[in-house]
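Below is one structure, written out as structure tokens; comments come after it.
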Amino acid sequence: MVEAVEERRGFARASWANVLGNAVKIIVEGAAGLLFGSVALLADAAHSVADLVASIVVLVWGRSSFDEPDDTHPHGHDRIEPLTALFVGAVIALLGLNLLYSSVEGLITGVDVTFSPLLLGALAFAIVDMYLVYRYTEAINEHLQSTALEALATDCLNDIYTSFAAVVGVIGVLLGQPLLDPLAGALVSLLVVYQGVVIGRENVNYLIGAAPTPEKREAVTEVLREHPDAHGMHDLTVFYDGPVLEVEVHVEVDGDLPLRRAHDIESDLVEELRALEDVGDAHVHLDPSGIGEWKEQSDEAEQ
């Protein structure tokens, strides 16, 4: 219980860091962009407005993933976390598409901006700001392994990339090549869209209960095979319940075992499976070996 409270607090601190970091970035870049007519800085600030919304959603909604199971959610709230991460991924992809549209429009119609060292200063501040938020989020998430926080950390990196693209554009204005601004923006926008799609695809798998990689399934199988009292197994199912794995399996044991011994075997197997990386829960059903009832059911299903 104490550990869960600490994890919830750590999640909240990282979420707040993203909220405040994006808010400050919006103020600094927005002010400089308005003052000198820089489309690049205004676009980067607008990008961070959506990031701010995503951070607030993670802060308010994502913390629910640490709530204990209750009558309305008997299996817990683990799926809330990938749901928030999916939202962030969708926001990232949409922002990337919007940035791509703006960049292409700038390439076609041109841009009009007045150079000032303050533009580079505002961008330098934005890059340092997002880097510090990124490092803080990653440091906290090293223990939590939250998909929602990982999505926010990825978004911080996207912010850094887009700010560097804006730097290229501002330097282009200084050198008399303003089209460097939308060109750099177009290249970065493709990366932003790609990362948003990757985040979304990963978290969709967590939400729909997809199977893990063959390596993770094999690790589960090895635990079951190596137990000295296990004579076989069948109906093994390994799937994601939120960001953690759920294991369901029937294990075949000596049918003449005393009930207490059978209970101890089941408890041992559950404990060993839960000790595996990413496994959140395991349900083991013991069957007497040699009766073949599951084989008959399998044969009937195939007919």
Side-chain angles (χ1 to χ4, degrees), residues 1-8 10 65-71 73-82 85 141-150 201-303:
M1 178 66 72
V2 174
E3 183 178 0
V5 171
E6 287 301 317
E7 289 179 346
R8 186 186 181 100
S65 63
F66 296 95
D67 291 346
E68 294 294 324
D70 51 37
D71 292 339
H73 299 86
H75 288 283
H77 302 74
D78 288 331
R79 297 198 182 196
I80 292 178
E81 185 180 334
N141 202 37
E142 186 175 353
H143 170 66
L144 296 181
Q145 295 296 301
S146 163
T147 58
L149 291 183
E150 187 61 34
R201 184 169 53 192
E202 176 186 4
N203 286 280
V204 163
N205 286 336
Y206 292 152
L207 288 170
I208 65 176
T213 61
E215 291 77 14
K216 291 186 183 294
R217 181 182 173 89
E218 182 60 27
V220 170
T221 303
E222 281 300 312
V223 168
L224 298 171
R225 285 175 179 165
E226 291 177 359
H227 196 283
D229 292 300
H231 298 170
M233 60 179 162
H234 58 279
D235 295 340
L236 172 62
T237 304
V238 186
F239 61 95
Y240 278 105
D241 181 17
V244 296
L245 288 173
E246 187 107 356
V247 178
E248 296 178 358
V249 64
H250 288 238
V251 176
E252 301 154 31
V253 298
D254 184 353
D256 295 325
L257 285 174
L259 180 59
R260 185 176 296 277
R261 175 57 186 156
H263 171 75
D264 291 341
I265 293 172
E266 178 187 351
S267 298
D268 289 344
L269 287 170
V270 169
E271 184 176 345
E272 290 177 20
L273 289 171
R274 287 177 175 173
L276 291 174
E277 183 180 8
D278 294 338
V279 173
D281 202 2
H283 305 276
V284 178
H285 179 80
L286 298 184
D287 285 327
S289 62
I291 63 175
E293 63 177 3
W294 53 89
K295 297 181 179 65
E296 294 173 3
Q297 293 173 357
S298 177
D299 292 340
E300 291 175 1
E302 293 175 358
Q303 293 176 355

Side-chain polar contacts of residues 269-278 - donor-acceptor pairs under 3.5 angstrom, sequence neighbours left out - could you list them?
unit_1	atom_1	unit_2	atom_2	d
Arg274	NE	Asp281	OD1	3.0
Arg274	NH2	Asp281	OD1	2.6
Asp278	OD2	Lys216	NZ	2.6

Just how far is it from atom [atom1] of [X] to atom [atom2] of [Y], taken to the nearest 0.5 Å?
| X | Y | atom1 | atom2 | value |
| --- | --- | --- | --- | --- |
| His263 | Leu257 | NE2 | CG | 13.5 Å |
| Leu144 | Arg8 | CG | CZ | 12.5 Å |
| Glu252 | Met233 | CD | CE | 9.0 Å |

Quiz item: Between Gly255 and Pro288, what is the shortest heavy-atom contact and its length?
Solution: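 Of all heavy-atom pairs spanning Gly255 and Pro288, the closest is CA-CB, 3.6 Å.
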
Which atom pairs, donor and acceptor, lie under 3.5 Å between side-chain atoms of residues 218-231 and protein residues at least two apart or in another chain?
unit_1	atom_1	unit_2	atom_2	d
Glu218	OE2	Arg225	NH1	3.4
Thr221	OG1	Arg217	O	3.0
Glu222	OE2	Arg225	NH1	3.4
His227	ND1	Asp229	N	3.1
Asp229	OD2	Arg261	NH2	2.4
His231	ND1	Ser289	OG	3.3

Exercise. For His285 and Asp235, test the side chains for any donor-to-acceptor distance below 3.5 angstrom and give the result as yes or no.
Key: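 Asp235 and His285 do not have a side-chain donor-acceptor pair below 3.5 Å.
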
Self-check item: Backbone N/O of Gln145 and side chain of Asn141: donor-acceptor pair under 3.5 Å
Solution: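 Judged by distance alone, yes, a pair lies under 3.5 Å.
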
Quiz item: After noting the C-alpha distance and the side-chain angles of Leu245 and Phe239, does the key distance pass the side-chain contact (heavy atoms from CB on, under 4.5 Å) rule?
Solution: CA-CA 6 Å; Leu245 288 173; Phe239 61 95; over 6 Å; no

